[in-house]
Amino acid sequence: MLPIQVIGSLNIDMTVLLPRFHLPGETITGMDFRIYPGGKGGNQAVAAARLGANVHFVGMLGEDDNGAFYVRVLTEAGADVSGIGKTGEAASGIALIEVDKTGENRIVVVPGANALADDTHVRYHQEKLPDKKICMLQLEIPVYTCMEAARRAHANGDIVILDPAPAIHLPDSFLQNVDFITPNEGELARLTGMPAGTMDNIQAAAHALIGRGVKHVVAKLGANGCLYVDRERMLHSPGFRVDVVDTTAAGDSFNAGLAYAVANNYPIEEALRFANAVGAVSTTGAGAQSAMPTQEDVEKLMARGSRDY
Ligand code: RIB
């Protein structure tokens, strides 16, 4: 199995459970409030470690209680935290999350220390791990840092998996160093400027990304599973039926499942099915990380079968 280096964000999620999303200017009463570890980078690292991957994390925290808490979380999950820097110049990242009764979420991120995860810090920790590996990236640390990390990883022969979230315009020089990109429908539309409301739209937008240099597009479709597109093939892998409590980090869990499968050289059909199952199980508990599955949990769900729409 290839090792996985996750280069990305760590946030503390302040999560409110609401009866429904409210309107501008409206005050409503929440049903619950919890504080969880989160951030797309941290979530992907914890999910991959829980599956049994060998995970090394590179990122930045504040010199505060939240930072100390997060180092414990990652260590307990089994990740190597030697690539985490601490800064006194900003607080650890925070996310304000609203979750409604259906498990849907809305998120505001205040990057704090994540914004100080610079290229010098990341380069040092990439060069310390010269073996071929999976490099997992998202876009919650500075985009220049991500671009340079992808460039070095690609040159090293690593397999680069980019979760383009939050989505912004990305130059082709970045996309050319990406092996797998995993947008949801909204992110795909923002990345390409094309509609992504139907399977045909998604396929066309995915081909546009392939034309710009990405090798494999895996569009995340929520309960509908995912759509895989490369130069030759298009595959739809249906989602799994689960009782959804909270969809926060379902995409991060999916990415961890995909990374684990690629690290273990699964054929693409199996990799997509495995990633769908990891994402689905993660929605069955509250908070980003509480329901992230072990291998055993994933196998149980996969034995029950998929549903198609
Ligand atoms: O993908 C979910 C994550 O997005 C949350 O944990 C939050 O911290 C934001 O980064």
Side-chain angles (χ1 to χ4, degrees), residues 6-18 33-50 57-62 64 66-67 69-71 73-74 77 79 84 90-100 103-117 136-143 145-146 161-168 181-188 190 218-222 226 244-259 275 278-293:
V6 182
I7 301 172
S9 59
L10 299 165
N11 294 329
I12 299 298
D13 291 353
M14 323 273 264
T15 301
V16 183
L17 186 61
L18 302 167
F33 170 74
R34 299 281 165 106
I35 296 177
Y36 300 106
K40 297 185 195 306
N43 294 338
Q44 295 184 10
V46 169
R50 208 165 283 172
F57 193 86
V58 183
M60 194 62 75
L61 286 164
D64 46 28
N66 285 342
F69 166 67
Y70 217 134
V71 169
V73 167
L74 283 168
I84 297 182
S92 296
I94 292 287
L96 304 178
I97 302 185
E98 298 172 352
V99 179
D100 77 0
E104 271 307 319
N105 65 67
R106 298 203 306 201
I107 303 179
V108 177
V109 171
V110 183
N114 294 304
L116 303 179
M136 294 185 78
L137 297 166
Q138 322 79 36
L139 298 174
E140 287 187 333
I141 60 172
V143 69
T145 304
C146 296
I161 301 180
L162 172 65
D163 185 1
I168 51 166
I181 193 165
T182 60
N184 63 24
E185 288 137 293
E187 289 154 1
L188 186 59
R190 253 167 272 142
V218 185
K220 294 186 276 202
L221 308 178
C226 62
V244 175
V245 173
D246 183 349
T247 57
T248 308
D252 299 328
S253 303
F254 177 99
N255 272 53
L258 181 67
V278 176
V281 178
S282 78
T283 66
T284 59
Q289 296 174 10
S290 68
M292 284 172 171

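FYI, side chains are in, hydrogens and waters are out, and symmetry mates aren't considered; it's all heavy atoms of this structure. Counting starts at 1 for both ligands and their atoms, following the listed order.
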Engineer: Is it true that a side-chain atom of S92 and a backbone atom of G62 form a donor plus acceptor pair closer than 3.5 Å?
Structural biologist: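 It does hold such a pair.
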Engineer: Given N66 and I94, is the side chain to side chain contact (heavy atoms under 4.5 Å, CB included) satisfied, shown in steps?
Structural biologist: CA-CA 9 Å; N66 285 342; I94 292 287; 3.9 Å; yes
Engineer: For residues M292 and V46, report the shortest heavy-atom separation together with the two atoms involved.
Structural biologist: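 M292 and V46 have their closest heavy atoms at SD-CG1, 4.0 Å.
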Engineer: Could you work out, with side-chain hydrogen bond (donor to acceptor under 3.5 Å, both in side chains) as the rule, every residue matching D246, not counting sequence neighbours?
Structural biologist: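 side-chain hydrogen bond (donor to acceptor under 3.5 Å, both in side chains) list for D246, sorted by chain: T248.
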Engineer: Using only atom types and a distance under 3.5 Å, with no angle test, would you say the side chain of S282 pairs donor to acceptor with the backbone of S253?
Structural biologist: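 It does not hold such a pair.
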Engineer: Would you say N114's side chain and L10's backbone share a donor-acceptor pair under 3.5 angstrom?
Structural biologist: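 Checking the backbone N and O of L10 against the side chain of N114, a donor-acceptor pair under 3.5 Å is found.
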Engineer: Could you pull out every N or O of ligand 1 that sits under 3.5 Å from a protein N or O, with the distance for each pair?
Structural biologist:
from, atom 1, to, atom 2, distance (Å)
ligand 1, 1 (O), K40, NZ, 2.8
ligand 1, 1 (O), D252, OD2, 2.7
ligand 1, 4 (O), K40, NZ, 3.0
ligand 1, 6 (O), D13, OD1, 3.4
ligand 1, 6 (O), D13, OD2, 2.6
ligand 1, 6 (O), G39, N, 3.0
ligand 1, 6 (O), N43, ND2, 3.0
ligand 1, 8 (O), N11, ND2, 3.1
ligand 1, 8 (O), D13, OD1, 2.6
ligand 1, 8 (O), G39, N, 2.8
ligand 1, 10 (O), N11, ND2, 3.1
ligand 1, 10 (O), E140, OE1, 3.0
ligand 1, 10 (O), E140, OE2, 2.7

